[in-house]
There are 2 protein chains.
Amino acid sequence: MQLREQVLHAISTGSLRPGDQLPTVREVATDLAINPNTVNRAYAELEKDGTLSSRRGKGTFVADLGAQARVKKVDRLADIAKRALAECRAFGFTTDDLIGALKRQREV
Amino acid sequence: MQLREQVLHAISTGSLRPGDQLPTVREVATDLAINPNTVNRAYAELEKDGTLSSRRGKGTFVADLGAQARVKKVDRLADIAKRALAECRAFGFTTDDLIGALKRQREV
DNA sequence: CCTATTGTCCTAAGTATTTAATACAAGTAT
DNA sequence: ATACTTGTATTAAATACTTAGGACAATAGG
């Protein structure tokens, strides 16, 4: 999750642009003293929603979001919303309650 | 979570009203072929935010929400919002994105 | 072709979370 | 008072989840 956040932050600030190559799975792994598999998982999740694009022997790159990529991202967002909503219902809150709380959160 | 949801649903539909006694921890446990401790945890969480009120030797009852109870519930809601928001950021979404998704969810 | 580099899969180890088993404490009622 | 009913605490077992280790697969480039 931390890796994903960092990658997306780099993209949103512009230090990573569509087409740019990301550091290799193994590079990041040795840098952070972590397992390549963990890095791969972060990359894979971002590839799943169309943010990244990976090719064997080549590397991992920032994708430019096409139509279907946007759809996947929206799906993921809907999933997050769905789960948060389920939790809310489990505590007796409504959708509007949650929206209100989110707006309040933003003010802080 | 399932237990909490069921209790709250019963309250929201009016089949459980403030002052009503809930089935005993052990009753629910044997009914569902589950451990009393699990039931207790559900009850305890609902007591924590002021929804229920438990007394030894007596039983567990639906509380009528006073002022401080509402505050606790709000805290819990804020916590849910906070976590959902963190997850959103980890995938590059904003607060408004999430709010939009929630509204969309409601329509369905 | 053949070697090196890259992402990927599979299995096990580690870690955290949840549930169960049992014993305890406090209030109720006979 | 004493036995019973109820919620609660404590510790262990079970379960789920995450990370690591090592091997595999595909592509690139000489």
Side-chain angles (χ1 to χ4, degrees), chain A residues 1-8 10-11 16 18-64 69 72 76 79-80 82-84 86-87 90-91, chain B residues 1-8 10-11 16 18-64 69 72 76 79-80 82-84 86-87 90-91:
Chain A
M1 191 161 96
Q2 293 173 4
L3 285 176
R4 285 201 308 268
E5 193 160 357
Q6 286 180 28
V7 171
L8 287 163
I11 292 174
L16 273 179
D20 285 358
Q21 178 167 8
L22 276 73
T24 279
V25 164
R26 284 175 180 76
E27 279 177 16
V28 177
T30 52
D31 271 20
L32 302 180
I34 217 179
N35 194 284
N37 222 328
T38 305
V39 181
N40 178 57
R41 186 172 162 190
Y43 281 9
E45 294 222 38
L46 286 171
E47 187 178 15
K48 204 174 181 183
D49 66 15
T51 305
L52 299 180
S53 170
S54 294
R55 289 187 196 174
R56 286 184 174 174
K58 198 76 185 300
T60 302
F61 302 84
V62 180
D64 38 1
K72 285 179 186 172
R76 193 172 286 271
D79 183 58
I80 294 174
K82 209 171 178 176
R83 284 208 316 275
E87 199 175 353
F91 280 103
Chain B
M1 192 161 95
Q2 293 172 3
L3 286 175
R4 285 202 307 267
E5 193 160 357
Q6 286 180 28
V7 170
L8 288 162
I11 292 175
L16 273 180
D20 285 358
Q21 177 168 9
L22 276 73
T24 279
V25 164
R26 283 175 180 77
E27 279 177 18
V28 178
T30 52
D31 271 20
L32 302 180
I34 217 178
N35 194 283
N37 221 328
T38 305
V39 181
N40 178 56
R41 185 172 163 188
Y43 281 9
E45 295 222 36
L46 286 171
E47 187 179 14
K48 204 174 180 181
D49 64 17
T51 304
L52 300 179
S53 168
S54 296
R55 290 188 196 174
R56 287 184 174 175
K58 198 76 184 300
T60 301
F61 302 84
V62 180
D64 37 2
K72 285 180 186 171
R76 194 172 285 271
D79 183 58
I80 295 174
K82 209 170 178 177
R83 284 207 317 274
E87 199 175 352
F91 280 103

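All chains are named by letter (A, B, ...) in the order of the sequence lines, taking the proteins before the strands, and each is independently numbered beginning at 1.
- Atom CD of A/E45 is separated from atom C1' of D/dC17 by 13 Å (rounded to the nearest Å).
- Protein atom CD1 of A/I34 is 17 Å distant from nucleotide atom P of C/dG14, rounded to whole Å.
- Contact check, A/T60 against C/dG7: a side-chain N or O comes under 4.0 Å of OP1 or OP2.
- Atom NZ in A/K58 sits about 11 Å away from atom C1' in C/dT6, given to the nearest Å.
- With DNA chain C read from its 5' end, the first of the two nearest nucleotides for A/G59 and A/N37 is the one closest to A/G59.
- Counting to the nearest Å, the P atom of C/dG27 and the CZ atom of B/F61 are 14 Å from each other.
- Side chain of A/Q21 to backbone of A/T60: no donor-acceptor contact under 3.5 angstrom is found.
- Per the geometry, CZ belonging to B/R56 stands 6 Å off P belonging to C/dA26, to the nearest Å.
- Within 4.0 Å of B/R26, counting heavy atoms only, lies at least one base atom of the nucleic acid.
- Distance A/E27 CD to C/dA4 C1': 14 Å, rounded to the nearest Å.
- In this structure, A/R55 atom CZ and D/dG29 atom P are separated by 12 Å, rounded to whole Å.
- Scanning both residues, B/F61 and B/L22, for their nearest heavy atoms gives C-CD1, 4.0 Å.
- With sequence neighbours excluded, the residues forming a side-chain hydrogen bond (donor to acceptor under 3.5 Å, both in side chains) with A/R83 are A/D79, B/E87, listed by chain and number.
- If you take CG of B/L22 and C1' of D/dT6, they are 14 Å apart, rounded to a whole angstrom.
- For D/dT6, the base has no donor-acceptor partner in the side chain of B/N40 [N/O atoms by modelled type, under 3.5 angstrom].
- Ion pairing between a basic and an acidic side chain is recognised when a charged N comes within 4.0 Å of a carboxylate O; B/D49 and B/K72 show no such pairing.
- For the OP1/OP2 pair of C/dT19 and a distance below 4.0 Å, the side-chain nitrogens and oxygens of B/T38 include no atom meeting the criterion.
- Residue B/R41 is classed as a base contact, given a heavy-atom separation below 4.0 Å to a base.
- Taking both residues in full, the closest heavy atoms of A/A90 and B/L8 are given as O-CD1, 2.7 Å, listed atom of the first, atom of the second, then distance.
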